[in-house]
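Notes follow the structure.
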Amino acid sequence: MKILLTGGAGYIGSHTAVELDAAGFEVVIADNFSNSSPIVLERLETITGKRFPLYEIDVADKTALRRVFEENEIGAVIHFAGYKAVGESVSIPLSYYRNNIDSTLSLMEVMAEFGCKNLVFSSSATVYGNRAKLPFDEEAKTGPCTNPYGWTKLFIEQIITDYAKANGDFSSVLLRYFNPVGAHESGLIGEDPKDVPNNLMPYIARVAVGTLPFLSVYGNDYPTPDGTGVRDYIHVTDLAKGHVAAVKYVLEKKGNEIFNLGTGKGISVLEMVKAYSEACGHEVGYKIAPRRPGDIAECYANAEKAEKILGWKVELGLSEMCRDSWNWQSKNPEGYK
Ligand code: UFG
């Protein structure tokens, strides 16, 4: 069974390719490398022994996308492709709306032309509004989102939901990721932000490897146990396995569902710094800085639904997340360059 991964050379896409292959699926990748590297395909070959078919295309380009479906019998699609930088989305909202929504519409139209009725979508915990009660479960109120990136995720969820309502034989899973971190245990693939990282773990990794001087801890006056922000960090390999479970679910035509992919456990910024310092063997330097606009104090999942219905749960903890991030970062101090 062939599974198409849009954005399959990206951070989460590449890790999912490994787990799909291990589960016996055939992987086809579509990626325009706007935020990823062709070297990923070589690394995936080293890990799996397979060169996955690659289409270097923009998913919004329907003509190019049709060729993928003409040349492969695609059983299901996992749609990872999209812009994902929260801050950037505030500066260039139209690009975010155009790119993320256009590519999804094109993809779904081409899927319909070729009779492909199974879709898994990369959504985000960012769709939960500030008013939702912790831990966030899938029934929690969504919106308003604090940035255009988040709105694109919520709008796309709505588009897929409406389409599924209108097409009874369509199966979809919306996966709401919490904070994916870590890397494949081989150290061959991992997160490779283009510029200065925005997210906590890749930032800490750069401080640990010496390419950034120290971490700015954004706020220590939140109503949390140590005053710093609390998030639900999930190992990217666990997250990838969640996608395999979701693909199986849509292929078995069980319907349309939303699942949180998180651990259910909140970790503070300072706890993360401590765990990373232990993993890399030296102190990660940090300074307390003002709060980052738009941040919330706490965000963590109720992850019971995915366990109950998909039979999926996390296997890796904070020490494995830090160990594998450090393994990747120390072996690839400049990422895929
Ligand atoms: N943080 C710092 N210093 C940094 C970076 C982050 O102290 O240099 C703190 C933040 O203030 C926050 C925590 O670390 O408390 C996590 O921040 P991230 O930027 O790593 O992650 P966010 O939770 O802000 O955002 C992430 C993804 C979004 C997604 C959201 C879903 O980046 O794409 O989770 O909840 F929408």
Side-chain angles (χ1 to χ4, degrees), residues 7 10-12 35 80 82-90 96 100 121-130 132 134-136 140 142-157 174-182 191 193-208 211-234 236 239 260-264 266-276 284-303 318 321-322 325:
Y11 173 44
I12 300 170
N35 191 25
F80 295 104
Y83 294 163
K84 61 170 190 178
V86 172
E88 185 183 63
S89 80
V90 178
Y96 271 68
N100 290 3
F121 174 61
S122 292
S123 189
S124 165
T126 197
V127 301
Y128 293 116
N130 286 351
L134 283 160
F136 296 148
T142 54
C145 299
T146 51
N147 57 77
Y149 157 76
W151 281 116
T152 68
K153 292 293 177 193
L154 193 54
F155 292 157
I156 294 168
E157 285 198 357
L174 311 176
L175 294 176
R176 292 179 178 159
Y177 310 156
F178 281 70
N179 291 56
V181 295
E191 190 170 11
K194 268 216 164 100
D195 306 311
V196 176
N198 295 307
N199 297 120
L200 181 64
M201 180 149 331
Y203 202 103
I204 291 180
R206 297 272 179 96
V207 175
T211 51
L212 287 171
F214 61 88
L215 170 77
S216 295
V217 174
Y218 297 140
N220 65 349
D221 56 352
Y222 284 108
T224 59
D226 65 19
T228 65
V230 165
R231 296 291 182 275
D232 186 339
Y233 298 95
I234 173 171
V236 65
L239 190 79
N260 285 338
L261 293 184
T263 66
I267 305 282
S268 77
V269 176
L270 291 180
E271 282 176 300
M272 181 63 91
V273 170
K274 185 165 175 276
Y276 211 101
V284 172
Y286 70 87
K287 290 185 185 167
I288 304 297
R291 290 183 181 190
R292 183 171 65 176
D295 272 356
I296 55 173
E298 292 184 283
C299 173
Y300 51 93
N302 175 330
L318 182 58
M321 298 178 207
C322 296
S325 163

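Order of appearance sets the numbers: ligands from 1, and atoms from 1 within every ligand.
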Ligand 1 contacted by [X] (non-hydrogen, < 4.0 Å):
X	result
Tyr233	yes
Tyr222	no
Gly150	no

Practice item. With sequence neighbours left out, write down each residue that passes salt bridge (charged side-chain N to carboxylate O under 4.0 Å, His left out) with Lys274, or none if nothing qualifies. Key: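 Lys274 satisfies salt bridge (charged side-chain N to carboxylate O under 4.0 Å, His left out) with Glu278 only.
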Review point. Looking at residues at least two apart in the chain, or sitting in another chain, which of them share a salt bridge (charged side-chain N to carboxylate O under 4.0 Å, His left out) with Asp226?
Key: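 Asp226 satisfies salt bridge (charged side-chain N to carboxylate O under 4.0 Å, His left out) with no other residue.
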Of all the atoms in ligand 1, which lie at a distance below 4.0 Å from a heavy atom belonging to [X]?
X	answer
Tyr149	33 (O), 36 (F)
Leu215	3 (N), 4 (C), 8 (O)
Val217	7 (O)
Asn198	5 (C), 19 (O)

Nearest to [atom], what protein heavy atom do you find, and at what distance?
atom	answer
atom 19 (O) of ligand 1	Arg292 NH2, 2.8 Å
atom 30 (C) of ligand 1	Ser124 OG, 4.2 Å
atom 9 (C) of ligand 1	Val269 CG2, 3.7 Å
atom 21 (O) of ligand 1	Asn179 ND2, 3.1 Å
atom 28 (C) of ligand 1	Val86 CG2, 4.1 Å
atom 18 (P) of ligand 1	Asn199 ND2, 3.4 Å
atom 23 (O) of ligand 1	Arg231 NE, 2.6 Å
atom 3 (N) of ligand 1	Ser216 O, 2.8 Å

Is [X] in polar range of ligand 1, meaning some N or O pair under 3.5 Å apart?
X	result
Lys84	no
Cys299	no
Tyr203	no

Review point. Just checking, is any N or O donor in the side chain of Glu88 or Tyr149 under 3.5 Å from an acceptor N or O on the other one?
Key: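 No pair is found: no donor N or O on one side chain lies under 3.5 Å from an acceptor on the other.
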Review point. Do Thr263 and Tyr233 have side-chain N/O donor and acceptor atoms under 3.5 Å apart?
Key: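 Absent: no donor and acceptor within the cut-off.
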Once you round to the nearest 0.5 Å, how far does [atom1] of [X] lie from [atom2] of [Y]?
X	Y	atom1	atom2	result
Tyr96	Thr152	OH	OG1	8.5 Å
Tyr218	Asp295	OH	CG	9.0 Å
Thr126	Leu154	OG1	CG	9.5 Å
Ile156	Ser124	CD1	OG	11.5 Å

Point to revise | Any donor-acceptor N/O pair, Asn147 side chain to Gly150 backbone, under 3.5 Å | key: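 Such a contact is found between Asn147 side chain and Gly150 backbone.
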Review point. Is there side-chain contact between Tyr276 and Ser325, with heavy atoms separated by less than 4.5 Å?
Key: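 Yes, side chains in contact.
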Review point. Is it the case that more than 12 heavy atoms not belonging to Tyr286 sit under 6.0 Å from its OH atom?
Key: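 No, OH of Tyr286 has 12 or fewer neighbouring heavy atoms, counting only those of other groups under 6.0 Å.
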Exercise for review: Would you indicate which of Tyr128, Phe178, Tyr218, Phe136 comes nearest to atom 8 (O) of ligand 1 when only heavy atoms are counted?
Suggested key: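 Among Tyr128, Phe178, Tyr218, Phe136, the closest heavy atom to atom 8 (O) of ligand 1 belongs to Tyr218.
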Exercise for review: Go through Arg231 and Leu200 one step at a time and tell me if the side chain to side chain contact (heavy atoms under 4.5 Å, CB included) criterion holds.
Suggested key: CA-CA 10 Å; Arg231 296 291 182 275; Leu200 181 64; over 6 Å; no
